[in-house]
Amino acid sequence: MDVTPILENLNDAQRQAVTAEAEPTLVIAGAGSGKTRVLTHRAAWLIDVERISPHSLLAVTFTNKAAAEMRNRIESLLDMPVRHLWIGTFHGLAHRLLRRHWREAGLPQSFQIIDSDDQLRLIKRLVKNLELDDSWVPREVQYFINAQKDEGLRPKHLDDDGDPHRRQMIALYGEYQQLCDRGGLVDFAELLLRAHELWRDNPELLAHYRRRFQHLLVDEFQDTNAIQYAWLRLLAGDGGVPFVVGDDDQSIYRWRGARVEHIRQFQKDFPATTVVKLEQNYRSTATILNAANAVIANNAERMGKNLWTEGAEGEAIRVYSAYNERDEADFVIGRLRDWIDQGNLRADAAILYRSNAQSRVLEEGLINARIPYRVYGGLRFFERAEIKDALAYLRLIANRDDDSSFERIVNRPTRGIGARTVEAMRSYARANSCSMWRAAGAIASDELSSRAANAVLAFLHLIERLAHETSDFDLQDQVDHVIHASGLIDFFKKDKGEKGETRVENLLELVSAAKGFEPDPAEEMSPLDEFLSHAALEAGEGQAEAWEDCVQLMTMHSAKGLEFPLVFLSGMEDGLFPHQRSINDPNGLEEERRLCYVGITRAKQTLYVTHAEQRRLHGMDNFSQPSRFISEIPDEYVEEIRPRVQVTRPMHTASPSRRRRSTSIAPGAEAGIRLGQRVRHGKFGDGVILNCEGQGAHARVEVNFETGGTKWLVLSYANLDLM
DNA sequence: CCAGGACACGTTTTT
DNA sequence: CGTGTCCTGG
């Protein structure tokens, strides 16, 4: 057998992992050490060499993107499509199980998945119904419920400990669950919980899947939450062969239930585990890698590993101290300009930040500089309001008892069914433990005024009519018909301006999405149900034209798993990063540091770290210190673009004690010019110095004038008065 | 029903 | 500063 394609270009550790015996294996894979490579090659090895049927393999990831990529890479390694291989996200796989065994799982056949937004609406309604005081914030209730579910806990497992607040929370959880069960609604956490209970409570079913899935491949293992781990644990039993890959240093999702401790737990649960560490990095220069190692070394809770590379030392990490966030943006944009002018791809450059709010100033700068960019993490296609409206019609057609959808569209477009009428339906529904749909039918005949009753009946008829008319349409015609006949299209057309137009376009785009949707014949669902599940589980891309060549903007969280030749870590200030809310909690701080480690290791060749002395945040100017993480990078890897002293003090008082290498341009120093200095110009009036460059006769400063915007002026001609 | 104003609030995100 | 939510008046 020729195993070359599967084993070639693997280092020893990688090969050891890929070819490991059929025993539990834990791969600790540092950033850029070929984690995905090991997983995909392992799958190919099992199938092609060990002759394991793809049928007995289960591969689990966290994102749809990762799942799709894994399948692609396995198929290209084996040079054939792999059928019967289950690859998916935890949620996707759980969903698949629940569809197959809906009866055993205690679900209606046409159950629907609700996303967090739907969930929140439901909870809002619940809180309102119960007329609780203002201290009951729906978001917090949602958080509580999901946290319990993530731990595998039902209301009956919870104890109020005599705490009335907690008792109420638990009661709300119970009520919420009843509401979901009545409407056949399953939220994200519920998918996992149900799938776990399905196996736990049906031993013969579990035995079946244990027999089938001998080999379990798990990606990003450090991100598993309790219920995900329990699910894997249950499936593996004593005979399964789990092969898990993760990096404790890249665990950045504790706040949403992920527990790194599962890495240790795994070794306890599977004492025969072989541990393989991948420590050779193929991504970054030695400088970047060493810097990352030095930073993460400050964490106490580590399994311990040290990444190394055979690669070149590379450029120093450039640290820039900006005067304010605008100056920071200007600096970043200047460097991007150079990068692009040198013929590099914009898409190879990424600007990373801790929180989304920071993107604004950067975006403004990029727009001014006419540099195309793309911000990750916005609203995604299937999350847009108009799309969810259309989906709600479709869902109501599929299942009349879906209260979540009913409430969403009962008066959208407006059809004279006001809050009072809806409230009447709600109270009837509550009193009779029935769905809104039934309630509407029941009260329309007597309780309501004739005007309201007519409106309600018209709505009920509309839905029945749509269901009837489209019953033998194919999916795209169904969608097309519904968005028109429901009045949604006309409703948004009336919206003036660009907004309405985009909404209509999006609705039409939904028809195209339905057209391009290929139902899986193996799934025993109607194409509509499958499309709706797909919409909930895979919210789609944030922005349409993903592959125009543009600079990438995203949070450090969303950058995990990606790499770029040029990376900017912006807003590196204490209070922002590490974030204020984590700064006083040792665990929180360690997680922030891991995030920093993730950020640094995204860079392949060039890394800029920037911070601002002054930042306008929430409308207030704040002064802040450079992030402690910057000082955790050893000086030898750092080159300061502009020493801080220039910014805070006039140059002539500059301290000479700089250990770090420095470009030590001291523009305008002789003239007493410094950033933030107020100046007056004969013609342009008063302004503030934002930037300076060059020396002597060529020294120039950028001044932001109160009237007339920013201008570059040559110092020797401008005759600026210091103020 | 909606526009407009007062007011609160302000990590990180995938499914 | 900006956004989102809630309330009021037309």
Side-chain angles (χ1 to χ4, degrees), chain A residues 60-67 88-96 113-120 124 128 134 137-139 143 146 149-150 186-193 195 219-220 223-225 227-228 251-258 325 352-361 363-364 376-380 382-383 385 411-421 455 491 494-496 533-540 542 554-561 571 575-583 585 588 591-592 594-596 598-599 615-622:
Chain A
V60 198
T61 63
F62 276 85
T63 67
N64 293 301
K65 203 173 143 199
T89 60
F90 278 100
H91 294 85
L93 296 169
H95 174 241
R96 191 185 260 189
I113 302 168
I114 57 170
D115 67 14
S116 344
D117 188 60
D118 299 327
Q119 185 186 37
L120 186 61
K124 272 184 182 159
K128 204 167 229 169
D134 290 351
V137 187
R139 269 210 183 282
Y143 182 84
N146 289 336
K149 289 190 175 191
D150 283 347
V186 176
D187 62 51
F188 288 137
E190 185 74 14
L191 284 170
L192 304 175
L193 189 44
D219 193 11
E220 306 277 21
D223 284 338
T224 49
N225 66 27
I227 192 71
Q228 288 162 337
S251 154
I252 53 175
Y253 288 113
R254 191 178 176 84
W255 50 275
R256 65 177 200 207
E325 75 277 3
L352 310 184
Y353 34 79
R354 174 66 235 265
S355 59
N356 286 308
Q358 290 167 246
S359 75
R360 177 180 233 95
V361 199
E363 287 186 70
E364 281 169 7
Y376 283 75
L379 253 198
R380 299 194 324 230
F382 286 111
E383 290 168 355
N411 200 32
R412 194 170 177 89
T414 42
R415 46 173 71 90
I417 303 176
R420 288 211 90 90
T421 312
F491 177 64
K494 279 198 308 237
D495 266 19
K496 42 197 173 284
S533 303
H534 168 83
L537 281 174
E538 196 162 348
M554 68 191 85
T555 63
M556 295 191 211
H557 279 93
S558 17
K560 194 169 94 161
L576 251 193
F577 188 39
H579 193 270
Q580 197 57 50
R581 290 165 88 133
S582 316
I583 230 161
D585 162 33
E591 178 141 319
E592 296 280 301
R594 290 192 291 269
L595 184 58
C596 183
V598 168
R615 181 177 296 272
R616 200 175 186 90
L617 208 63
H618 313 320
M620 292 219 303
D621 280 325
N622 301 289

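What's counted below: heavy atoms across the whole structure, side chains too, no hydrogens, waters or symmetry copies. Every chain is numbered from 1 and lettered A, B, ... according to where its sequence line falls, protein lines coming before strand lines. None of the values given here were measured: they were computed from a predicted structure.
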Strictly distance-based, threshold 3.5 Å: is any side-chain N or O of Glu325(A) a donor or acceptor partner for the main-chain N or O of Arg616(A)?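 Indeed, once roles are kept as given, a pair shorter than 3.5 Å links the two residues.
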Is there a donor-acceptor contact under 3.5 Å from the side chain of Glu383(A) to the main chain of Ala539(A)?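 Pair absent, no side-chain N/O of Glu383(A) close to backbone of Ala539(A).
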Name the nucleic acid region contacted by [X], choosing base, sugar-phosphate or nothing; use a 4.0 angstrom heavy-atom cut-off, strictly under.
| X | result |
| --- | --- |
| Glu538(A) | nothing |
| Asp115(A) | nothing |
| Ser558(A) | sugar-phosphate |

Rounded interatomic separation in angstrom, taking [atom1] from [X] and [atom2] from [N]:
| X | N | atom1 | atom2 | answer |
| --- | --- | --- | --- | --- |
| Leu576(A) | dT12(B) | CG | P | 11 Å |
| Ile583(A) | dT11(B) | CD1 | P | 14 Å |
| His557(A) | dT14(B) | NE2 | C1' | 12 Å |
| Gln358(A) | dG2(C) | CD | C1' | 15 Å |
| Phe577(A) | dT11(B) | CZ | P | 15 Å |
| Ile113(A) | dT15(B) | CD1 | P | 12 Å |
| Asn146(A) | dT15(B) | CG | P | 15 Å |
| Gln119(A) | dT14(B) | CD | P | 16 Å |

For Ala455(A) against Gly416(A), the heavy-atom pair lying closest together: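 For Ala455(A) and Gly416(A), the tightest heavy-atom pair comes out as CB-O, 3.9 Å.
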C1' gap between dT3(C) and dT14(B), integer Å: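 Pairwise C1' distance, dT3(C) against dT14(B), rounds to 23 Å.
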When you compare dT12(B) with dT5(C), how far apart are their P atoms, in angstrom units rounded to a whole number?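 It works out to 16 Å between them.
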side-chain N/O [X] vs [N] OP1/OP2, d < 4.0 Å:
| X | N | value |
| --- | --- | --- |
| Arg380(A) | dT14(B) | yes |
| Asn411(A) | dC1(B) | yes |
| Thr555(A) | dT13(B) | yes |
| Asn356(A) | dT13(B) | yes |
| Arg581(A) | dT12(B) | no |
| Asn64(A) | dT14(B) | no |

Within 90° of 0 counts as syn, otherwise anti: where does dT11(B) fall?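 Syn conformation for dT11(B).
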Nucleotide nearest [X] when distance is taken to its side chain, options [options]:
| X | options | result |
| --- | --- | --- |
| Arg360(A) | dT15(B), dG2(C), dT13(B) | dG2(C) |
| Thr414(A) | dT13(B), dT15(B), dC2(B) | dC2(B) |
| Arg354(A) | dG10(B), dT15(B), dT11(B) | dT11(B) |

Start at the 5' end of DNA chain B and walk down; is the nucleotide closest to His618(A) or to Leu191(A) reached first?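 In this pair, the answer is His618(A).
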Select from Gly619(A) and Phe491(A) the residue whose nearest nucleotide in DNA chain B is closer to the 5' end of that strand.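 So the residue in question is Phe491(A).
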Measure up the Phe188(A) and His91(A) rings against each other and bin them: parallel (under 30°), tilted (30 to 60°), perpendicular (over 60°).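 Aromatic pair Phe188(A)/His91(A) classed perpendicular.
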Determine, answering yes or no, if Phe188(A) is stacked on dT14(B) under the 5.5 Å centre rule and the 30° plane rule.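 According to the criterion (under 5.5 Å, under 30°), no, Phe188(A) does not stack.
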Could you say whether the aromatic ring of His91(A) and the base of dT15(B) stack, counting only centre distances under 5.5 Å and plane angles under 30°?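 Not stacked by the 5.5 Å and 30° rule.
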Measure the shortest side-chain to side-chain distance between Lys560(A) and Asp223(A) over non-hydrogen atoms and say whether it is less than 4.5 angstrom.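 SC-SC contact between Lys560(A) and Asp223(A) confirmed.
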Taking C-beta and beyond as the side chain, do Gln119(A) and Asn146(A) meet within less than 4.5 Å on heavy atoms?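 Yes, their side chains come closer than 4.5 Å.
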Any side-chain donor paired with an acceptor under 3.5 Å for Gln358(A) and Ser355(A)?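 On atom types as modelled, these side chains qualify, holding a pair under 3.5 Å.
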